[in-house]
Amino acid sequence: MKNGKEYAYLLKKLESAGFEAYIVGGCVRDALLGREVNDCDITTSAIPEQIMGVFSELKVAPTGLKHGTVTVIYNDMPFEVTTFRVDGSYTDSRRPDSVSFTASLEEDLARRDFTVNAMAMDVRGELHDPFGGRDDLAARVIRCVGAPEKRFREDALRIMRAVRFASTLGFEIEERTSAAALELRGLLDNISRERCRDELSKMIMGENLAEVALKFRDIIAQVIPELRTCFDFEQRSRYHKYTVYEHIVRAVAAAPPDPTVRTAMLFHDIGKPQMFTLDEDGVGHFKGHAEVSAKAAEVIMRRLRWENAVISDVSAIIARHSDKISSEKQIKRLISRLGEDNFFRLLEAKKADNLAKNEFVLTENAWFDECAELGRRSIEESACMSLRDLAVNGNDIMSLGAEGRQVGECLRELLDLVIDGELPNEREALLCRAREVLA
Ligand code: ATP
Ligand code: MG
């Protein structure tokens, strides 16, 4: 375990002052699974003032006093120490109205969401597991602590968390828990969009995403209702063997673990149903769906408060995901339009897209690897790939009389000519051509 020495020190220090202290929750689960553990939560019978007293020689910050959380800085690293607590009543399926401290570890574990998240371990490695978390870990099951209906009514975010853990851990959701999650999914409307988004972002990184997203599609559509039109939508194309929705989730699962690429796959075909046309041979087409999906992704991601930078990367990738790439010239143009990172992501997106179609299209993926290689080479060799590298700038173009959008358009046109090898990246030649373009 990372920082094992530090955790042992902190737990021992609390114990020798007469308090109980444990690592608890997700870190215990992940340690027992043999997964990498980064952050541990520490829980203790000491109340915040007592925690600060025990660690008076260290730097401590009362980060969440109301919730009993103190951050202790030890060996230049922050560690969160939280007092055992019980949540008060819930009136809005969202947050407890109050929290209060307790002297009982078991009461603290009882407020936690799932049995596999409700275990604590002391400094000697002894496990405290009153709800059968260890058995559920072995059986690979997500099960609520207590009655699922009650627990989801208290905090509906747990519905998303259940699906998220099923996706990332590859676990099944126990029957009563999954029935309650589906039944009560409407309560997710009470949850803040950011919190739903956080769970969704973690969910789509999971190895088991495809299976989980198929089984719990109604829960996902509670957060992204736009996906509903994709459910059961037959594509009527020889390239496809799945409905639009199944293709989408299989493409997410086939993508590498880059959050931007995975998010792009989640929305890449969301505009397909509305762009569907059938030709006289009964074959389905989706002309223009990439643009429409990119726009839809922007709207959805803004609503769910994704970061602006991520929104623009994702929509740029989606807008071009069905473009053919057929020449080196085009590769250079794509790099100059998208930037290097998004160019490589676009290739990953195209490969993931193919991995969720009929097998015969997969032969194309070797070409996308070649495109990446060609792209890397042009980046190394080429002195001019972006507007920044051009030997003239906006001021030069404005001094020729251009205004507003004209300036950017003129610069882009010059850049394309340089990339295509039709103009040298030299000031005089560029200005001369700019005069013609603006005339
Ligand atoms: P990870 O950090 O890998 O996302 P985690 O299990 O540590 O997973 P956190 O959100 O960090 O999840 O929460 C830490 C612990 O707090 C959980 O393991 C669980 O015991 C408890 N917990 C978190 N959110 C809730 C909730 N909404 N309801 C009940 N208990 C919760
Ligand atoms: Mg955690």
Side-chain angles (χ1 to χ4, degrees), residues 1-3 7 22-44 63-64 67-69 71 78-90 92-97 99 102 105-121 127-134 136-137 141-171 173 177 180-181 184 187-188 190-192 194-208 219 257 259:
M1 197 172 81
K2 214 175 129 202
N3 306 329
Y7 285 108
Y22 309 87
I23 55 169
V24 69
C27 65
V28 176
R29 175 198 70 217
D30 289 342
L32 292 175
L33 283 172
R35 292 169 83 99
E36 194 183 336
V37 179
N38 290 317
D39 278 316
C40 269
D41 296 317
I42 294 174
T43 187
T44 176
T63 29
H67 295 101
T69 302
T71 301
F79 296 88
E80 288 208 337
V81 183
T82 304
T83 310
F84 295 161
R85 41 170 254 222
V86 285
D87 295 334
S89 58
Y90 291 79
D92 58 358
S93 310
R94 200 158 51 197
R95 298 256 191 211
D97 303 329
V99 298
T102 167
L105 169 67
E106 185 160 338
E107 281 184 351
D108 180 276
L109 295 175
R111 75 174 165 87
R112 295 174 183 271
D113 47 7
F114 306 113
T115 59
V116 295
N117 287 346
M119 293 183 276
M121 192 180 273
L127 190 68
H128 297 257
D129 175 24
F131 304 105
R134 183 154 215 179
D136 283 341
L137 266 190
V141 165
I142 301 296
R143 179 198 313 270
C144 282
V145 173
E149 302 77 15
K150 172 169 175 277
R151 303 311 309 282
F152 291 145
R153 281 186 205 283
E154 285 172 357
D155 178 359
L157 187 73
R158 293 168 186 157
I159 295 170
M160 287 294 282
R161 288 173 60 85
V163 180
R164 187 256 282 197
F165 287 120
S167 170
T168 56
L169 301 175
F171 284 19
I173 304 179
T177 300
L184 296 173
L187 296 174
L188 281 169
N190 299 329
I191 301 295
S192 82
E194 290 87 338
R195 293 178 81 207
C196 287
R197 196 261 343 273
D198 270 349
E199 291 300 329
L200 189 66
S201 314
K202 290 178 180 168
M203 187 190 303
I204 62 174
M205 298 303 289
E207 288 163 29
N208 205 33
I219 291 174

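Numbering starts at 1 and runs along the sequence shown. Side chains are part of it too, since the values below use all heavy atoms of this structure and drop only hydrogens, waters and symmetry mates. Counting starts at 1 for both ligands and their atoms, in listed order.
Residues Val145 and Leu109 are not in side-chain contact: their nearest non-hydrogen atoms beyond the backbone lie 4.5 Å or more apart.
How far OG1 of Thr44 is from CZ of Phe84: 6.0 Å, rounded to the nearest 0.5 Å. Separating the CG atom in Leu137 from the OG1 atom in Thr115 is a distance of 7.5 Å, to the nearest 0.5 Å.
The protein residues lying under 4.0 angstrom from ligand 1, judged by non-hydrogen atoms, are Gly25, Gly26, Arg29, Asp41, Arg111, Arg112, Asp113, Asn117, Asp155, Arg158, Arg161, Arg164, Phe165, Lys202.
Lys150 has a carboxylate O that lies under 4.0 Å from a charged side-chain N of Glu154, or vice versa, which qualifies the two as a salt bridge. The residues Asp113 and Arg161 are annotated as salt-bridged, a charged nitrogen and a carboxylate oxygen being separated by less than 4.0 angstrom. In summary, Glu194 and Arg197 do not engage in a salt bridge, as defined by a charged side-chain N under 4.0 Å from a carboxylate O.
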